[in-house]
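First the structure, in the form of structure tokens, and then the observations on it.
Predicted, not measured: the structure shown is a model, and the values here were computed from it. Residue numbers start from 1 in every chain, and the chains themselves are labelled A, B, ... in the order their sequence lines are given, proteins ahead of strands.
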Amino acid sequence: MPTKTSCQVCGADIEIPDDVLDGELVSCPSCGQKYQVVIQNGLIQLKLIKVEEEDWGE
Amino acid sequence: MVLIEAIDFIYDAVRLDEKLLIREFNNLNVNYRLVNAGELTLNLPNGGDGGAAFIRTISQHKSQLVSQLYEALGGISINPAMSILIGNNKAVTLAILSRVGVPIPNTVITLSGDVAVKVLNAVGIPAIVKPVHGSWGRLVSLVGGVEDLQLLVRHRDSMGNPQYGAYLVQEYVRKPGRDIRVTVVGDRAVAAIYRYAVNDDWRTNTARGGKAEAVRVDPELEDISVRATKAIGAYYAGVDVVESDGGYKVLEVNTVPEFKNVQRVTGVNVARHIVELVLDLTKRG
């Protein structure tokens, strides 16, 4: 069963699939807010990501 | 020779690109382990032989540091640390491409905003102004005149980050609303796509939502892309190329490249090519 959680920005449901990986990026289907999945001791949490503040790239 | 027992797949944020790579590591029964860069610890002295790091971190700082640490400990990094350092620096990349004769747009590199303003007319208007570091089209500006650039310099100064004090002032290549992303693996351009700008945005990065279409890679495109990759010492790369009146010109060489759009649009299993290369390199040691 996919896990459901609420978007911290708009409150819409975000579905987390069963095969999600630690570190995976997911977006809110409603407002587009990006999150990073953090899995610790089997517990799935979403960390809010502000892409423009990161040194991300290729 | 380094004896490789397992390949450390170094990640931080997992994109679709990493998921495609993990799938191929599994399909090919590769002995690997997923290592979250944020949880990596290296205890020194360790007297070890190092290991093999397959660098897929999205943070450029982490990519550089982890690749250097594996090499410093006697291991190997894919891509090599030096190629990642060069690829993350647009100025050094262009300098190397210039040295080996890979065609690039006319570019002036300066460490001063005032000098950037002074050279603008010589480069031509409009011009593209970029920071030395950065990705996904961030802080890349199309400058229509001296006043635009003066304003841009003031904004950059107010950001208080010394790395934004360096400027690339580059001729604006009148590309046909698109550029090309070539994925090079080893000695081959395995696949390429056109990336189209969205609406009237002059940037074509698919990270900015641009559309894509498959490219039939001609020998000239393959030649300059492979030469650009080898020039900076990378084993595989995503090479950004524009079409100008004077032929192809290379803009950037990405050393932790995203390829999901290339794979989706062309149907080429780019991830498989990359993982086979990783296997080949680690067997060679």
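- Ranked by heavy-atom pairs under 4.5 Å with chain A, the first of Ile58(B), Asp17(B), Thr255(B) is Ile58(B).
- Classification of the Phe9(B)-Tyr32(B) ring pair by plane angle, with boundaries at 30° and 60°, yields tilted.
- A donor-acceptor pair shorter than 3.5 Å can be found between the side chains of Asn261(B) and Arg264(B).
- Legend: salt bridge (Lys or Arg N to Asp or Glu O under 4.0 Å) pairs involving residues 52-68 of chain B, not counting sequence neighbours, sorted by first then second residue: Glu18(B)-Arg56(B).
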field: Asn89(B) and His133(B): CA distance, side-chain angles, deciding distance, side chain to side chain contact (heavy atoms under 4.5 Å, CB included) verdict
entry: CA-CA 5 Å; Asn89(B) 187 316; His133(B) 298 280; 4.0 Å; yes
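- For residues 26-41 of chain A, heavy-atom neighbours of chain B at less than 4.5 Å comprise Gln36(A), sorted by residue number.
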message: Does Asp8(B) form a side chain to side chain contact (heavy atoms under 4.5 Å, CB included) with Arg33(B)? I'd like the steps, not just the answer.
response: CA-CA 5 Å; Asp8(B) 291 347; Arg33(B) 60 186 173 198; 2.5 Å; yes
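- Using a 4.5 Å cut-off between heavy atoms, Ile84(B) makes no contact with chain A at all.
- Leu25(A) places a side-chain heavy atom less than 4.5 Å from the side chain of Arg15(B).
- Between Glu258(B) and Arg181(B), no side-chain nitrogen of the basic residue sits less than 4.0 Å from a carboxylate oxygen of the acidic one, so the salt-bridge criterion is not met.
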